[in-house]
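Report on the structure given below.
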Amino acid sequence: MVDLVPTLLRQELSRLADADQRLDGRSRWGSRDVTLETDCLYNAEGSAKVTIGGTIVYAGVKFELRTPWPDRPAQGSLMCGAELRPVAGRKYEPGPPSPQSIELGRVVDRGIRESGCIDMAELCIVPGEKVWGVMIDLHVLSDQGNIFDACGLAAIAALRTAVVPAERFDVGEDHTLSVNGTPIMASFTRVGGRYVLDASEEEELGGDERIHITLGDKGHLHSLQKGLKGVFTPAEFAEIFEVAQTRCVELRKLVAEQEAN
Amino acid sequence: MVDLVPTLLRQELSRLADADQRLDGRSRWGSRDVTLETDCLYNAEGSAKVTIGGTIVYAGVKFELRTPWPDRPAQGSLMCGAELRPVAGRKYEPGPPSPQSIELGRVVDRGIRESGCIDMAELCIVPGEKVWGVMIDLHVLSDQGNIFDACGLAAIAALRTAVVPAERFDVGEDHTLSVNGTPIMASFTRVGGRYVLDASEEEELGGDERIHITLGDKGHLHSLQKGLKGVFTPAEFAEIFEVAQTRCVELRKLVAEQEAN
Amino acid sequence: MVDLVPTLLRQELSRLADADQRLDGRSRWGSRDVTLETDCLYNAEGSAKVTIGGTIVYAGVKFELRTPWPDRPAQGSLMCGAELRPVAGRKYEPGPPSPQSIELGRVVDRGIRESGCIDMAELCIVPGEKVWGVMIDLHVLSDQGNIFDACGLAAIAALRTAVVPAERFDVGEDHTLSVNGTPIMASFTRVGGRYVLDASEEEELGGDERIHITLGDKGHLHSLQKGLKGVFTPAEFAEIFEVAQTRCVELRKLVAEQEAN
Amino acid sequence: MGGYGDVQLLRDDGKRLDGRALDELRPVTVEAGVLPAADGSARVTHGLNVAVVAVYGPMEAHPRKIQRQDRAVIDVRYNMAPFSTSDRIRPGFNRRSREISKVTAEALESVVLVERFPRSKIRVEIEILAAEAGTRCVGITAAAVALADAGIPMRDLIVGVASGKIEDTVVLDLDKAEDNYGQADLPVGILPNTGEVAFLQMDGDLSPDEFNLAMEYNFKAAGEIHDIMVEALQRRYEGGEA
Amino acid sequence: MGGYGDVQLLRDDGKRLDGRALDELRPVTVEAGVLPAADGSARVTHGLNVAVVAVYGPMEAHPRKIQRQDRAVIDVRYNMAPFSTSDRIRPGFNRRSREISKVTAEALESVVLVERFPRSKIRVEIEILAAEAGTRCVGITAAAVALADAGIPMRDLIVGVASGKIEDTVVLDLDKAEDNYGQADLPVGILPNTGEVAFLQMDGDLSPDEFNLAMEYNFKAAGEIHDIMVEALQRRYEGGEA
Amino acid sequence: MGGYGDVQLLRDDGKRLDGRALDELRPVTVEAGVLPAADGSARVTHGLNVAVVAVYGPMEAHPRKIQRQDRAVIDVRYNMAPFSTSDRIRPGFNRRSREISKVTAEALESVVLVERFPRSKIRVEIEILAAEAGTRCVGITAAAVALADAGIPMRDLIVGVASGKIEDTVVLDLDKAEDNYGQADLPVGILPNTGEVAFLQMDGDLSPDEFNLAMEYNFKAAGEIHDIMVEALQRRYEGGEA
């Protein structure tokens, strides 16, 4: 029961870090290939499939009519949840939502919600009576590292292609959901003592704390999260924050390209 | 932890099958004694107790007022559920509904529902507002084999004696629930390599797959289910299907006799 | 895994009982120090903190608007629940409510409810539509014995200081909840073969059954509960019942003093 | 207790609505050995209440952490069938049934010679098929008979019985209407031979004197029910398998 | 079956609304080895249905009490993604998915050579990403391919396929409208080489003759799907990692 | 962040509604050793927030599968009492409390010398008795003091503190109104001696410059709270049992 593999792996990762190298030959701020496909699921009102290396996730958007919360009678609602089901990897077990999956869903949710890209008032149909509830469900099919960035990208891409199914609910004509902005998440993991971008499964296994940064179109921060055991210094944060700015611009371009097709 | 008893039991059952015999001396298509009692529970709007050998089950019918489903505004609903509680035998454990109990309830439910014996439109009181929900609860008190047939019989017998408690709910006068037909289940278990009717507890322990057939008054199929590990050929199915026709007629007669008393 | 400590402890408690002594020097009907503090929690509409020796519990009262039960359209409702969370002691584990915590909540609930100190009709706002639901939540922070009496005292003291938050719910002006009486619980534990008042943690660990008696202002019984393995004779009950009368008068006085301040 | 209506529960002749005297039980029947799959079983009807109990064991207690080195644990589940009440009950346990299961187990542990079976478990499954006030007492009575039927050694039987108060009058064994509109209920579990009490609950309003009278009624009735329990067990021993 | 509307499902030319003949399948595609994290995997589309299956194992079965001394246990989870249906499904299992998981596991145990892996567990994760009637059959087909992709020895593949009845006519492979307004559904799991049946459910109304015709359609279609499955596995062997 | 109303949160004199300066904390009190049953404990009030923390352990970690060979696991439960908020909270965990428990545990694992206690568990029970914005930070501060009170070796304390943005202005330590109508919240857990960060969350909208100012406020305030924590621990050592 001694976790021998992680111990040896940590040593190797540390050695590589000293030489400014990574297990798969990437540079410190290099990413694996990212692919994005949208509108790929029958029955979802918006959908996206993202792969980052061997990591595969889907996001699906559904709408439902609900009565608004009493303290916000003219506002709809947005909810983003993630399921880390046993399909995603050998380490995942069946059961109620794990703290990991709750954290994943909530961090993606905050990035989108706090960017203000969805105007909750536009989701109101009849004030005090009927509003739209928008649900984004994240579904990880294969985890080979960095599911946070994959889920963040899938969520906003799916949302941006969503069509409000007003006809099916008898409340008007179907129309594109209005989404003002493309918040993007960039995640960093401490591996061998230093932060790297887009950690692989092995790097996560032998690594330490992660930092998740969600940036909006203007480069403002909308969500931060530090996960796992470990600490960082303000100087370290400043360094990855610069990298995050570049990374988010790149991924935002990918979303735009997909939409242009 | 080697399941020695089942292994020896399987050998014995195989030996008996070769000689066309069964553990308790029955013929291949022979049944244990079946008894049926109805209207036996205070507070249930319909009730039945069925015994098959040492197996004892109760079914109780209750009604409740509900709002109809939006897509079926003029239809009531029927629901049949089974509880395999620890009272029923040493092997049963407390906890949330087991896959076994869910399967039992759903197979009985489908047999009754799909026979069309309940007209859901007759359960409507005010379209879009108020309909009857009929709930059949199956309660196994002693499992000595073939609880499926016992539950199937108890469910339809209880339903056929049910009185709609309209007065208690202030929606008219009490009246008998209208039930058009008597769907009956016949279950077969592979024991010693061949199928037998009405397997006992030992035969189930040392047996393989089961087939549950529910037939309506005209001999039509309304529900089929294969359970447990094992396969069968179309020819084997054809053989038990013939037996099922006879069995269902016999048990349907038992229901009729009980009602005539 | 042999519970050696309790066995030795039981011997010691038995020896002390023979000499009419207790572990901490108290007399058989002696209590540890009891303190009561009320109105001690922001956001609770009524609150109390009670300490008995090293036992610390809080009670908080909250109100909510609800629709009345159909069979009692002009009555509000009262609910008292207890949480024995892991904060309270090393022996408590996380998980769904234990039978112990359910019993604790229900015994306190019955004592208050059955004393009639809350007039459910006064909790009605609009008959058939809108009534107050009063919730008393008991929170045990440190269990060093006799949490029942501590919770019983905290519950009624919190309730007697509660203010109905009508303004926040837009149904009139805030007003003191009307509470007619001060039901008090006295608990007895068999230790070393005889009953004692206000058992300590060690006495509970090495003791047997408990009896919980709730008395109203006139000395009438409103709730009784015997818990844990053990039996008692009518003569034994008569003896502790006398002691309970005195104990309840004393604690009721403590509530009155607190209110006078 | 309900106690919120103006309902007459005593007749002008001093009898109760169903004709019973103040200290008179509803009809009680007891049958032992009713469930073939169980190691011991019983069925008790008490008024319109129907309780069936199965006992399994003693068997190995698992998981390990519930084992006691020096005695058996008694694992009681009190369950009301969904169709046992006027409004259907959702299957599964609720707070009421968990509390009753707990105190019933503790009462039974007080009479079963649990020291004889260290590290083992005895399962007691109480199923209420029809409920008409007083089910927890009926369940205790049935559990005691089922334990005896299973051959579990006990130092005494337990009899479950309740008294209460209606219209300011102490009466034995409340029926449904009396329970709904009554002023107090005092269910107890009595050891008929030793005169001890292993189960006690009470709610409502009772003066000390009323309490004493209610207990007097309970002890007298426990003797009557005890006779019926013993007869049932004798029939079972003579008759063999049911 | 729904069967509650007056909906026309057969055209005047005898074909179905989507132009299929009575015994014609919806388009089926199969791909093996689609999930890098899994030991074996497959993706099957069948009409608009999309099922993805991951297989993990054989691995140690824990907790101990689920172990079988003489064989592997097959642990199946059939799950519909929240966005797979018209109305969103709350995540987590429901009664329907638990029943399908159970009977699917039993069907797969009938073909996997479970005796080869005593005390072990094989996990089969069936994820329905898009549902258009018939998902349990699509899941079985995909599970069989994923097991083969994982190199788990089987005595045959299983093909999931269904026939049904619409407008009093037996047809193969109901689509969504046919499922909603049809009169019967007969999903089966067929072993294409032995001609045996490892999975069987049915609901609705079928006369004995209709049942026989429906089974005939199912067997014929199973052969067609089997060919597509085999091609996918061949592509996978030739092509290596997907 | 709420941020949906036109609510004035800054006065004309540049101060906040409760008179605080932009970089001024609400009043903070710390007391160590407040729960007799616990191995270590603390009570922190911060504005109207009240958090009480109990620490138990190090103790054997069970079940086995949660054990780590080379270190202790820290088992944190962050719980809001039902009466701690304006609308009552149903008892039991929700998604928010599970997330906070997870990241708090990870933050504490970063400072506790967990390598000293292989295979063991340290339980940290955070109970919020009254909530007025910022409870996760108050819980972290109280947890650090309770761990120290329990004698658990740590390489530094952690101080929980938050800054935020209201009316386009960065301010320290949002109170309830500021939290409801503010534009951003940046709660952190700071190691006062090393200047490292073990806990970080943020939501809302912050430009890079605003973020830097908010962090500056947080670091300054962490020093102030650290002094109060140290005083409390000194009082505790001098005063003995509370």
Side-chain angles (χ1 to χ4, degrees), chain A residues 32 40-49 51-65 79-97 101-102 105 133-145 147 154 158 162 165 168-169 200-201, chain E residues 33-39 41-43 45-57 59-60 62-63 75-93 97-98 101 121 123-133 135 142-143 146 150 175-176 241-242:
Chain A
R32 294 169 294 174
C40 47
L41 293 173
Y42 172 69
N43 273 332
E45 269 95 35
S47 60
K49 176 188 181 186
T51 70
I52 302 185
T55 289
I56 304 177
V57 311
Y58 279 86
V61 178
K62 294 296 295 178
F63 290 80
E64 65 183 17
L65 289 184
M79 199 218 66
C80 180
E83 280 198 276
L84 287 170
R85 294 183 42 73
V87 68
R90 188 176 272 256
K91 71 185 168 196
Y92 293 106
E93 297 189 355
S101 69
I102 291 171
V134 186
M135 264 94 44
I136 310 172
D137 284 289
L138 300 167
H139 204 42
V140 179
L141 286 191
S142 175
D143 176 4
Q144 293 206 330
I147 54 177
R168 181 153 58 88
F169 288 95
S200 68
E201 197 179 7
Chain E
V34 298
L35 300 179
D39 296 329
S41 61
R43 173 191 172 97
T45 68
H46 186 134
L48 296 170
N49 292 299
V50 180
V52 173
V53 173
V55 167
Y56 292 93
M59 56 177 70
E60 196 193 348
H62 67 105
D75 186 18
V76 171
R77 264 170 295 282
Y78 164 97
N79 179 60
M80 298 188 82
F83 45 71
S84 65
T85 48
S86 182
D87 288 337
R88 176 173 180 265
I89 298 176
R90 277 176 66 103
F93 286 100
S97 65
R98 284 192 195 276
S101 296
K121 178 170 73 171
R123 276 174 39 198
V124 178
E125 312 289 347
I126 302 175
E127 297 289 338
I128 307 298
L129 300 182
E132 191 233 351
T135 57
D175 67 17
K176 192 170 187 180
E241 290 286 325

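Proteins come first, then strands; the chains are lettered A, B, ... in the order of their sequence lines, and each starts at number 1. Since the structure is predicted, the reported quantities are computational estimates derived from the model, not experimental observations.
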Distance-minimising heavy-atom pair for [X] and [Y]:
{"X": "E:Pro36", "Y": "A:Gly54", "value": "CG-O, 3.5 Å"}
{"X": "E:Ala37", "Y": "A:Ser142", "value": "N-OG, 3.1 Å"}
{"X": "A:Tyr42", "Y": "E:Leu48", "value": "CE1-CD1, 3.3 Å"}
{"X": "A:Pro86", "Y": "E:Arg77", "value": "CG-NE, 3.6 Å"}

Do you know which of E:Asp87, E:Leu35, E:Thr85 has the most heavy-atom pairs with chain A at a distance under 4.5 angstrom?
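Going by pairs under 4.5 Å, I would pick E:Thr85.
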Residues 87-95 of chain A, side-chain donor-acceptor partners within the protein, below 3.5 Å, at least two apart:
from    : atom 1 : to       : atom 2 : distance (Å)
A:Arg90 : NH2    : E:Asp39  : OD2    : 2.6
A:Tyr92 : OH     : A:Asp143 : OD2    : 2.5

Ion pair present between E:Arg88 and A:Glu64, side-chain N to carboxylate O less than 4.0 angstrom?
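Between A:Glu64 and E:Arg88 there is no salt bridge, as every charged N stays at least 4.0 Å from the carboxylate O atoms.
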Which bit of A:Leu141 is near chain E, if near means a heavy-atom gap under 4.5 Å: side chain, backbone, both or neither?
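Looking at A:Leu141, backbone and side chain both touch chain E.
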Does the side chain of E:Pro82 reach to within under 4.5 Å of the side chain of A:Met135, using non-hydrogen atoms?
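A side-chain contact under 4.5 Å is absent here.
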Given heavy-atom pairs under 4.5 angstrom as the criterion, report whether the side chain, backbone, both or neither of E:Val52 touches chain A.
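Just the side chain, heavy atoms under 4.5 Å.
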Can you say whether E:Ser86 sits under 4.5 Å from chain A via the side chain, the backbone, both, or neither, judging by heavy atoms?
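Answer is both: backbone and side chain atoms of E:Ser86 are under 4.5 Å from chain A.
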With sequence neighbours left out, write down each residue that passes salt bridge (Lys or Arg N to Asp or Glu O under 4.0 Å) with A:Glu45, or none if nothing qualifies.
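Checked A:Glu45 against salt bridge (Lys or Arg N to Asp or Glu O under 4.0 Å); matches are A:Lys62, A:Arg168.
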For the interface with chain E, which of A:Arg85, A:Glu201, A:His139 has the highest count of heavy-atom pairs at distances below 4.5 Å?
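Top option by heavy-atom pairs under 4.5 Å: A:Arg85.
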Just by modelled atom types, is the E:Ala131 backbone N or O under 3.5 Å from a matching donor or acceptor in the A:Asn43 side chain?
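Side chain of A:Asn43 to backbone of E:Ala131: a pair is present.
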